[in-house]
Trainee: 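Below is one structure. I have some questions about it.
This is a predicted model, so every value here is computed, not measured. One-based numbering along the sequence shown. In listed order, ligands and their atoms are each counted from 1.
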Amino acid sequence: MFKVTGINENKPGQPFYGDCKWVYDTEELTEYEHLVGRLIVRPKRIIGRSVYRLAENIADDLEIVEYSPQAFNSSKVKGLSSIEEMHNEFNDELKKAFELESATLVEKSKSYPNKPASINTIVSVFKRNPYVTAIVLKNANGVCGNCNRTAPFKRKKDGSPYLEVHHRKTLANGGDDTVENCIALCPNCHREMHYG
Ligand SMILES: [Zn+2]
Ligand SMILES: [Zn+2]
């Protein structure tokens, strides 16, 4: 829960400009911190989308559905699993599969449907800076920053040389989305950086 301390119009150059018209200055209400991810509430009547800003006005219309001892984790929801979990599960099975005889492998491969099941997942992604990407690709001028070879093929959509922008210190590890932290790589070198 946050307390709104100010409202400003979103200006070009500010984060999320174009997605949001207003920017709220907020202050976290630390007195509710212990409830984060644990308290699930339901409105007694249908409420609009924006009333989350007016929590104090709707508090009396909320009923508590669940008060859980532990914080909510999306992977615990039936039908939702994280991409990471799915990959781990796949890789565990793959490792075991390599140990099997060919005949067993073929037999086992038939236990799955030909059309794979689709599952729902929750992912969070970084909202990357398109200008940084443009600068890095322009500077590379079609040449991989690692092997110094020209891009292996051209992009279908615009005929530009196909290179990928790699973050030297990954965004997931707290790296910056800046020109200094980026390098344009051919797909081969890029895979090697991550998996080699
Ligand atoms: Zn390369
Ligand atoms: Zn990368």
Trainee: May I ask you to decide whether Glu63 forms a salt bridge with Arg42, counting only side-chain N to carboxylate O separations under 4.0 Å?
Mentor: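 A salt bridge is present here (some side-chain N lies under 4.0 Å from a carboxylate O).
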Trainee: Could you pull out the atom name of the N/O/S atom in His166 that is nearest the Zn ion (ligand 2)?
Mentor: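 Among the N, O or S atoms of His166, the one closest to the Zn ion (ligand 2) is ND1.
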Trainee: With Phe2, which residues qualify under ring pair (Phe, Tyr, Trp, His ring centres under 6.0 Å), at least two apart?
Mentor: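 In terms of ring pair (Phe, Tyr, Trp, His ring centres under 6.0 Å), with neighbours along the sequence ignored, Phe2 is linked to no residue.
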Trainee: Check Leu185 against Cys144 and note the closest heavy-atom contact, atom names and distance.
Mentor: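 Result for this residue pair: CA-SG, 3.8 Å.
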Trainee: At a cut-off of 2.8 Å, what protein N/O/S atoms sit near the Zn ion (ligand 1)?
Mentor: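 Those protein N, O or S atoms (cut-off: under 2.8 Å from the Zn ion (ligand 1)) are Cys144 SG, Cys147 SG, Cys186 SG, Cys189 SG.
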Trainee: Take a 6.0 Å sphere around CD of Glu89 and say whether it holds more than 12 heavy atoms from other residues, nucleotides or ligands.
Mentor: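 Counting neighbours around CD of Glu89, 12 or fewer heavy atoms of other residues, nucleotides or ligands fall under 6.0 Å, so no.
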Trainee: More than 12 foreign heavy atoms under 6.0 Å from CZ of Phe153: is that the case here?
Mentor: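 Counting other residues, nucleotides and ligands, CZ of Phe153 exceeds 12 neighbours.
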Trainee: Determine the interplanar angle of the His194 and His166 rings, folded into 0 to 90°, and report it as parallel if under 30°, tilted if 30 to 60°, perpendicular if over 60°.
Mentor: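 His194 vs His166 ring planes: perpendicular.
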